[in-house]
Protein chains: 4
Amino acid sequence: MAAVSNGDASLIIVMSPTAAPGDLERLVERLRTSGAGVEVAGRAPRAVLVASGEPGAVPSLPWEAFPGVERALSLTTPFRFVSRDYHPERTIVRVGGVPLGPGGFTVIAGPCAVESREQLGAAAGAVKAAGAAILRGDAFKPRTSPYSFQGLGRAGLDLLAEVRERFGLPFVAEVVDPRDVELVAGYADLVRIGSRNMSNFTLLAEAGRQPRPVMLKRGFTATIEEWLDAAEYIYKEGNEQIVLCERGIRTFEPRTRNTLDISAVPLAQSLSHLPVVVDPSHASGHRSLVAPLTLAALAVGADGVMIDVHPEPESALVDGPQALTPVEFAALMERVRALAAVR
Amino acid sequence: MAAVSNGDASLIIVMSPTAAPGDLERLVERLRTSGAGVEVAGRAPRAVLVASGEPGAVPSLPWEAFPGVERALSLTTPFRFVSRDYHPERTIVRVGGVPLGPGGFTVIAGPCAVESREQLGAAAGAVKAAGAAILRGDAFKPRTSPYSFQGLGRAGLDLLAEVRERFGLPFVAEVVDPRDVELVAGYADLVRIGSRNMSNFTLLAEAGRQPRPVMLKRGFTATIEEWLDAAEYIYKEGNEQIVLCERGIRTFEPRTRNTLDISAVPLAQSLSHLPVVVDPSHASGHRSLVAPLTLAALAVGADGVMIDVHPEPESALVDGPQALTPVEFAALMERVRALAAVR
Amino acid sequence: MAAVSNGDASLIIVMSPTAAPGDLERLVERLRTSGAGVEVAGRAPRAVLVASGEPGAVPSLPWEAFPGVERALSLTTPFRFVSRDYHPERTIVRVGGVPLGPGGFTVIAGPCAVESREQLGAAAGAVKAAGAAILRGDAFKPRTSPYSFQGLGRAGLDLLAEVRERFGLPFVAEVVDPRDVELVAGYADLVRIGSRNMSNFTLLAEAGRQPRPVMLKRGFTATIEEWLDAAEYIYKEGNEQIVLCERGIRTFEPRTRNTLDISAVPLAQSLSHLPVVVDPSHASGHRSLVAPLTLAALAVGADGVMIDVHPEPESALVDGPQALTPVEFAALMERVRALAAVR
Amino acid sequence: MAAVSNGDASLIIVMSPTAAPGDLERLVERLRTSGAGVEVAGRAPRAVLVASGEPGAVPSLPWEAFPGVERALSLTTPFRFVSRDYHPERTIVRVGGVPLGPGGFTVIAGPCAVESREQLGAAAGAVKAAGAAILRGDAFKPRTSPYSFQGLGRAGLDLLAEVRERFGLPFVAEVVDPRDVELVAGYADLVRIGSRNMSNFTLLAEAGRQPRPVMLKRGFTATIEEWLDAAEYIYKEGNEQIVLCERGIRTFEPRTRNTLDISAVPLAQSLSHLPVVVDPSHASGHRSLVAPLTLAALAVGADGVMIDVHPEPESALVDGPQALTPVEFAALMERVRALAAVR
């Protein structure tokens with residue numbers, strides 16, 4: 001379960017029972033030439049090679065394409081700096097003045113999309129009063145349909161900045177275009193990369209080159225390892241302030257928008273030092289599930305949650321069915337405080 | 001989100017824009033002949049039929065096979081008696097003298113498979129001391145490989161009965177063959193139907209014809225609706241004492257054995273009056289995830305959990321990697337009690 | 001891609017970088033005591049054990065539960081006798097007098113369920129005339145809802161036998177209850193185990209103890225390896241006449257009932273010597289997809305197909321939307337013959 | 001199965017049995033105010049609303065968030081101009097001088113990534129000689145790990161242009177950054193958007209604003225409808241020359257890299273007028289499956305295939321295990337020609 005060590009790169013190659021004479025020897029030579037230590041174990045017809053060495057000594061080649069190879073198993077993961085092998089202590093990320101990480105449970109809340117000064121102000125006032133620490137609200141929305149509302153853009157960011165001043169709430173906002181990273185980072189306290197863009201490596205790299213902390217949502221069809229590989233893209237460019245956000249994965253179950261992978265929280269925390277929060281709103285797509293999933297996230301050990309709250313869900317331009325009303329959110333916060341006290 | 005009403009059976013048929021003249025009229029006549037009320041809404045080229053009536057008046061025909069039909073949408077679910085529409089109050093099932101249902105959080109624990117008197121006794125003593133209310137332990141195991149250990153059979157049931165006397169713990173045991181239902185029900189306090197057999201309708205029917213309560217695990221590839229349909233098979237035969245158990249679904253994520261669908265707990269509770277428990281051991285397949293997932297199950301509102309505990313996991317004949325040791329289980333029970341107090 | 005050899009059982013254990021001193025040595029001793037050959041490769045902190053030996057010498061223990069173990073990888077598959085390692089030549093199964101296997105493309109066709117003498121006779125006459133070699137038609141249907149039509153039972157088998165005589169077509173029929181295996185095998189030329197029962201190991205074993213050939217449908221959520229493990233359950237009991245049937249797997253795509261896994265055909269043929277057919281009707285659930293998927297099955301190298309044909313799909317009691325009419329089926333058979341000539 | 005009409009926008013709202021008095025009336029008024037025609041069918045407790053009107057008259061609101069609503073079902077799809085409702089004739093896209101679309105079967109082949117003049121030249125010469133019509137070869141590669149080879153960039157495009165001249169083969173190349181669209185489109189005959197970027201709406205829009213045809217690969221976790229919605233993003237900007245490419249979806253089956261969704265080919269062709277090709281190399285990840293899947297694609301009615309061919313797969317920098325050798329590719333082309341003659 002532990003993240004594999006990256007210090008001692010290793011590779012296992014399982015030879016096929018139908019390998020030709022010489023196939024094994026050629027592989028051994030190839031690896032030794034690169035500087036790897038190679039040992040051969042197991043007897044014919046199924047020999048096993050184990051290669052060791054510093055990163056780089058064991059080359060990343062398509063080993064399964066070599067004659068006589070049945071399977072190749074890398075013992076290293078692509079991600080390095082985001083792993084707990086590299087950095088055993090869990091990281092606390094600061095968003096505005098708000099700490100997000102081990103020892104706390106940070107509640108981020110607000111509307112899915114910024115629609116107007118009134119809507120944003122009403123939402124921000126309500127979530128602040130109920131105890132949220134960070135505001136959410138997007139000015140750029142990636143939408144499945146080109147004919148759907150795509151966000152207010154810069155005007156939305158202006159409203160967010162205005163509301164931040166008014167309520168003393170730092171905010172998180174999504175960026176969808178590498179050319180807008182500088183713009184969004186000029187406003188937001190936490191720059192978010194959404195689920196659909198988790199493998200948009202160009203966008204990840206840009207987010208890694210600016211100074212704001214970044215929230216990286218798990219792709220709804222990404223494995224945990226792919227999610228951490230994506231975080232590595234940001235980290236590698238120099239930005240070490242990353243928050244991971246689990247938001248549900250695509251499965252065959254039709255009654256929820258996605259299936260919240262609650263196990264991913266402790267798993268990601270054991271593999272990476274980065275904080276992990278949960279988005280129960282987008283995971284479920286149903287208002288009635290947001291409260292139980294928030295409590296589950298708290299109990300499982302998440303470092304926070306991000307919740308859709310809208311003053312009038314039925315008029316929301318984006319994702320209304322999953323938004324809590326201010327009254328529902330306040331009631332949930334009561335339960336969060338009670339449970340957090342004994343966690 | 002509510003279960004659809006079965007009292008007022010309804011059907012929506014969406015006609016295709018390319019339907020031929022007369023297709024619509026033939027459908028209307030067919031439905032009216034059966035006794036259904038039919039209304040036609042929408043204008044050409046896309047008419048919509050809505051059929052109403054008592055169950056039976058709207059026949060279950062392959063409507064999408066009719067000429068001119070684009071889509072057919074049934075507003076009723078196959079399950080009836082297990083739904084909250086039929087029985088709004090949530091049900092409490094009694095296992096031996098132990099209540100399982102709303103208002104409590106029942107912990108079931110013990111080894112995956114009964115291996116010997118010593119192993120079972122050690123496990124039972126440990127889980128009893130730590131506060132478990134029901135013992136688990138199987139005498140019949142469905143195994144992927146025909147060459148794996150398949151359980152001790154009747155001898156295992158004898159050991160379970162002996163240990164029940166010794167520790168005062170009712171027990172749950174799996175049945176895999178319809179011909180063994182009477183045998184297992186003669187011993188066990190709660191008869192379990194496993195995930196692989198959730199759609200073994202023959203076995204479900206037999207379980208419905210005997211007097212013991214039944215635990216029905218969700219198939220690891222079943223939707224929530226299919227799970228409730230399977231419960232209906234049991235209920236229909238006369239057995240109303242059914243406990244649902246969520247145990248993870250098959251997804252693309254390789255780091256866990258299955259993905260625990262934590263949202264299924266509140267969903268199943270809203271659709272059905274039956275109690276819902278969680279099996280964090282089989283869902284995750286990893287010892288280190290059992291504690292966080294148990295706490296998540298408690299927080300999300302589950303009515304209980306079922307946990308693998310083995311005195312020596314490394315010698316377990318089945319599913320050792322996911323079993324807690326007695327010491328780990330006792331520590332978890334402390335946390336369960338603390339959290340349960342404020343739930 | 002080749003099936004792993006079962007003759008030279010092997011196991012790889014990857015130690016954790018955080019293993020305690022002595023963990024490795026205890027594992028080595030445990031394996032050697034069982035009679036396995038053990039070699040240790042790789043250097044600390046990540047040693048790798050490779051164990052070899054005859055089947056049985058390397059015990060099937062929950063190796064990942066042992067202290068200090070990060071991962072355990074078995075190089076053997078549970079299935080043995082159905083593998084091409086054991087039996088390199090591909091098998092031809094005889095159904096009545098009809099060969100099914102390499103070198104041919106056998107078309108099985110008929111109604112999903114037997115409904116009446118008229119319906120079955122009309123379907124059988126049509127598929128015979130168009131060139132089908134085997135008739136399908138079920139007397140026992142596993143249905144998701146307990147309130148759906150469950151088949152005519154023995155009366156349906158009588159009709160199938162009558163129609164076999166009339167048209168000279170051997171037939172395949174499903175069995176769902178281990179207590180009915182003898183009954184169904186007393187009538188059918190090919191006994192089928194359906195997708196929902198692929199892991200009903202009791203039923204598999206009964207099917208292995210009777211003399212008729214068996215068609216084993218892939219579970220719609222089973223991996224190819226689990227499918228072959230299920231075939232092994234039948235084979236192990238003495239029945240070597242098994243036909244595998246790919247019929248689609250459950251995915252997130254909603255526009256088809258299941259997703260036909262066309263790659264599974266050549267994969268299963270490379271791993272196992274058993275013939276593999278495709279069911280394009282149940283895989284897609286749509287009449288319009290049956291013809292293209294049948295041609296794809298032929299081109300990919302399948303040994304046959306099984307197609308739903310119904311004289312009046314719109315009145316079918318089961319699965320009407322996917323059934324071809326006799327006219328559609330005859331047209332498809334023309335195209336099958338043309339393509340088969342150059343395959 | 002037909003694409004829903006976009007001309008006559010429609011919406012079905014199913015009321016909950018627990019709706020409050022007035023909920024229904026408020027919805028009706030809201031819809032009528034927008035200009036929609038509304039009819040109410042079905043009787044209490046489950047009324048059904050059907051709304052009709054021109055696009056725009058039925059607003060896209062989060063109807064399921066409204067009080068009393070159980071389900072809302074839109075009968076329109078977000079995609080319009082790529083649908084066959086809008087453009088019934090299937091489209092032929094021209095790549096360089098090569099037609100790609102109905103009536104032909106276009107083979108695109110070459111290395112996954114451009115590595116050197118020698119490698120590209122050898123591959124191009126081989127695929128040209130064997131009969132490929134278009135060359136593939138990428139200069140920008142989106143890689144899961146930031147430490148993997150990311151492509152030669154502009155130098156790779158220069159090599160592709162040089163090889164195009166030498167062999168008279170137009171080429172397709174991937175673009176991963178919206179800022180590079182102009183660059184890539186300045187070289188390539190067909191600009192490709194990869195699976196990981198299918199929902200990178202910024203990139204899609206840029207691709208829609210340049211004059212070269214675009215190949216849009218299906219996201220490996222996208223539904224067919226989401227794929228067509230993504231194509232609409234390109235089309236909407238003015239670029240009508242789009243080729244769809246099915247390349248496998250993510251499922252639970254571990255023996256293939258992805259599961260080729262062969263049914264998606266006829267489905268996408270029935271929903272959209274755009275040509276559909278198959279990538280058997282990336283779908284399977286195994287050299288041995290490329291030939292059978294290519295033949296299946298041909299038989300199912302695909303308009304072409306795109307195949308990885310590498311002069312030395314074992315030294316490939318990207319995706320070696322799935323690349324055919326020139327000899328294997330030539331043998332496959334023989335079989336393609338034979339089968340294409342009778343398709």
Side-chain angles (χ1 to χ4, degrees), chain A residues 55 60-67 69 72 77-80 142-150 176-180 195-205 219-222 225-226 229-230 232-233 235-237 249-250 285-287 310 313-323, chain D residues 55 60-67 69 72 77-80 142-150 176-180 195-205 219-222 225-226 229-230 232-233 235-237 249-250 285-287 310 313-323:
Chain A
S60 281
L61 285 174
W63 297 109
E64 297 191 350
F66 280 71
V69 173
T77 55
F79 62 88
R80 295 180 193 173
R143 303 301 301 281
T144 302
S145 164
Y147 306 109
S148 297
F149 174 66
Q150 314 269 330
V176 299
D177 188 326
R179 295 164 297 194
D180 290 335
S195 187
R196 280 183 185 74
N197 279 312
M198 192 204 83
S199 299
N200 183 338
F201 303 123
T202 304
L203 185 62
L204 295 171
F220 58 81
T221 54
E225 190 168 313
E226 290 166 343
D229 290 343
E232 186 82 8
Y233 261 95
Y235 206 95
K236 176 172 177 283
E237 298 297 325
I249 58 174
R250 181 162 274 186
H286 289 292
R287 182 177 303 143
H310 195 286
E314 63 269 31
S315 73
L317 294 179
V318 181
D319 285 341
Q322 73 198 26
Chain D
S60 280
L61 286 174
W63 297 110
E64 296 191 351
F66 280 72
V69 173
T77 54
F79 61 89
R80 295 179 194 175
R143 304 302 300 281
T144 303
S145 163
Y147 306 109
S148 297
F149 173 66
Q150 314 268 329
V176 299
D177 188 328
R179 296 166 295 195
D180 290 334
S195 186
R196 281 183 184 73
N197 279 314
M198 192 206 83
S199 298
N200 184 339
F201 303 122
T202 305
L203 185 62
L204 295 171
F220 57 82
T221 55
E225 190 168 314
E226 290 166 342
D229 290 343
E232 186 82 9
Y233 261 95
Y235 206 94
K236 177 173 177 280
E237 299 297 326
I249 58 174
R250 183 163 270 187
H286 289 293
R287 182 177 303 145
H310 195 286
E314 64 270 31
S315 74
L317 294 178
V318 181
D319 286 340
Q322 73 198 26

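Order of the sequence lines sets the chain letters (A, B, ...), proteins ahead of strands, with each chain counted from 1.
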Interatomic spacing from CG in Leu203(A) to CG in Asp177(D) - rounded to 0.5 Å
9.5 Å
Pair Phe201(A), Gln150(D) - check side-chain contact (heavy atoms from CB on, under 4.5 Å), show working.
CA-CA 10 Å; Phe201(A) 303 123; Gln150(D) 314 268 329; 5.6 Å; no
For Ser60(A), side chain to side chain contact (heavy atoms under 4.5 Å, CB included) partners two or more places apart:
none
Minimum heavy-atom distance Pro78(A)-Ser145(D), with the two atoms named
CB-CB, 3.4 Å
Under 4.5 Å heavy-atom distance to chain D, tell me which part of Phe220(A) shows up: side chain, backbone, both or neither.
side chain
Heavy atoms only, distances under 4.5 angstrom: which of Ser315(A), Ala205(A), Ser199(A), Ser148(A) has the most pairs with chain D? Name it, please.
Ser199(A)
Heavy-atom pairs under 4.5 Å with chain A - which of Tyr147(D), Phe66(D), Trp63(D), Phe149(D) has more of them than the others?
Tyr147(D)
Determine the option with the most heavy-atom pairs under 4.5 angstrom with chain D, choosing from Ala323(A), Pro178(A), Pro142(A).
Pro178(A)
So Val69(A) and Glu314(D), side-chain contact (heavy atoms from CB on, under 4.5 Å) or not? Walk me through it.
CA-CA 11 Å; Val69(A) 173; Glu314(D) 64 270 31; over 6 Å; no
Give the minimum heavy-atom separation between Ala222(A) and Arg250(D), together with the two atoms involved.
CA-NH1, 3.8 Å
Taking every non-hydrogen pair under 4.5 Å, which of Met198(A), Glu225(A), Glu64(A), Glu232(A) racks up the most with chain D?
Glu232(A)
Look up atom OG1 in Thr221(D) and atom CD1 in Ile249(A), then write down how far apart they are to the nearest 0.5 Å.
11.0 Å
Counting only heavy atoms closer than 4.5 Å, note whether Asn197(D) contacts chain A via side chain, backbone, both or neither.
side chain
Which of the residues Gly320(D), Gly219(D), Ala230(D), Pro67(D) is involved in the greatest number of heavy-atom pairs with chain A at under 4.5 angstrom?
Gly320(D)
Measure across Val176(D) and Thr202(A) and return the closest heavy-atom pair with its distance rounded to 0.1 Å.
O-OG1, 3.4 Å
What's the spacing between Thr144(A) OG1 and Tyr233(D) OH if we round to 0.5 Å?
7.5 Å
Please determine, among Pro146(D), Ala72(D), Ala65(D), the option with the most heavy-atom pairs under 4.5 Å with chain A.
Pro146(D)
